[in-house]
Amino acid sequence: MWWQHHTGAELAHSATGDHQLDPLTHAISGAALARAFPSKPLPRKQTLFLVLLTMAPDSDIVLRFFSDVLYLQHHRGLTHSLLMLPLWGWLVYSLGTRQVKQNPAMPWLIGLALLLHISLDIITTFGTMILAPLSDWRASLDLVFIIDPLFTSCMLLPLLAGFIWTRHKRQLGALSLAMMASYLGLAWNNQQQAISIARHTYPDAIAYHALPMAFSPFNWQIIVTYPDHYARTAVNLKPAFTGTSPLFSQALVRNILSTAIADKDHLHWQELPAMHTITDIDTLPGTRFYAWFARFPVVLASNDQTIDIGDLAYGGGAPGTSPAFQLHIELHPPLTDQPRSWLIWRGGHRSELTTTERPFDWL
């Protein structure tokens, strides 16, 4: 099936290192915005303009042509910043066509389109630097997996219905946005259920997180934070609901979910040491960047020669999966007395981090 091969490949790619909400979902949200908000139907060219605009902040993907690490440093940075949004909105409007400038609603629609993109990125796990360049803090609500066909369908179906009931396109556009919000409400409710499980199991922890997993809004990775370690597990809150997993190969499903996902009564908890428990870890190359980038950095292996660090948010430490972004440090590399570090992507690609720092250090 087209869905199985095309979307399966995208899902596999997202699990191996891509971390932006898929362009199709952004485009559909722009189409819903174009239908729902203007009091009069927009011309087709202006609708297409808004659809493209909702994808525009991801133009920072061009950084990948220079360096994978540079892309990780600055993706969802300046182009996704709320502080920079007025500038981008003004720039887009000033470069718009005469027809765009003649529409009095267009300045507001441009701002809403950019804001919608930023908002949809915040609901995922990677995080968005909404205060760039003044801060490299990444906001994240952890509500939706990076590719969620169910979430996308909630917005798409009302828009498709608009081709049948053409007189109600505006109402159906509003319904598309309402269904998007409803799905996020369901995800938030499920997230709180998962966090409640963590609180009950580890009542003395200092923080609790539940991160969305693929194929179903009922699949969650639960992470519990202690001063020196993390505890993690993966739960399916509604095992009878298979979600979209039947559309994908079982090998792909197992690779992304891991073999340890279970219902709430049969959970398998792991405890992994935190990255900062390694003595003088912050003096080693690449660790300052990785500590910023990784949300839950844990020690995967450590000896006199090498140290391997993974991020629980991207498969680090989970049984049946390999980390998407693993930090590998060689303490005594050949031909030099200085330690070196690499970011190892799932699949084996290596990017050296020895001299890499956090973004916006110049501030």
Side-chain donor-acceptor contacts of residues 106-119 below 3.5 Å, not counting sequence neighbours, with atom names and distances?
residue	atom	partner	partner atom	Å
His117	ND1	His26	ND1	3.4
His117	ND1	Thr54	O	2.4
His117	NE2	Asp58	OD1	3.4
His117	NE2	His80	NE2	3.1
His117	NE2	Asp121	OD2	3.0
Ser119	OG	Leu115	O	2.8

Output a table of donor-acceptor pairs, distance under 3.5 Å, between side-chain atoms of residues 156-163 and any protein atom two or more places apart or on a different chain; print 'none' if there are none.
none

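Of all heavy-atom pairs spanning His74 and Pro359, the tightest one is CE1-CB, 3.7 Å. In plain terms, the two heavy atoms of Leu327 and Ser341 that are nearest each other are CD1-CB, 4.0 Å. In terms of heavy atoms, Ala36 sits closest to Gly173 at CB-C, 3.6 Å. In plain terms, the two heavy atoms of Ile223 and Phe296 that are nearest each other are CD1-CD1, 3.5 Å.
Using a 30° and 60° split on the angle between ring planes, Phe293 and Tyr290 fall in the tilted class, from 30° to 60°. The aromatic rings of Tyr183 and Phe151 lie tilted to each other, with the angle between the two planes from 30° to 60°. Aromatic ring orientation, Tyr226 versus His229: parallel (interplanar angle below 30°, classes split at 30° and 60°).
Note on residues 299-318: no pairs pass salt bridge (Lys or Arg N to Asp or Glu O under 4.0 Å), not counting sequence neighbours. Pairs passing the salt bridge (Lys or Arg N to Asp or Glu O under 4.0 Å) check and including a residue from residues 91-105, sequence neighbours excluded, do not occur.
Looking at residues two or more places apart in sequence or on another chain, you find no salt bridge (Lys or Arg N to Asp or Glu O under 4.0 Å) involving Glu271. The salt bridge (Lys or Arg N to Asp or Glu O under 4.0 Å) search around Arg340 returns Glu352, not counting sequence neighbours.
Remark: aromatic rings of Tyr93 and Trp90 are distant, center separation not under 6.0 Å.
Inspection of the Ser140 and Arg76 side chains reveals no N or O donor paired with an N or O acceptor under 3.5 Å.
With hydrogens and angles disregarded, a donor-acceptor distance shorter than 3.5 Å links the side chain of Ser81 to the backbone of Ile130.
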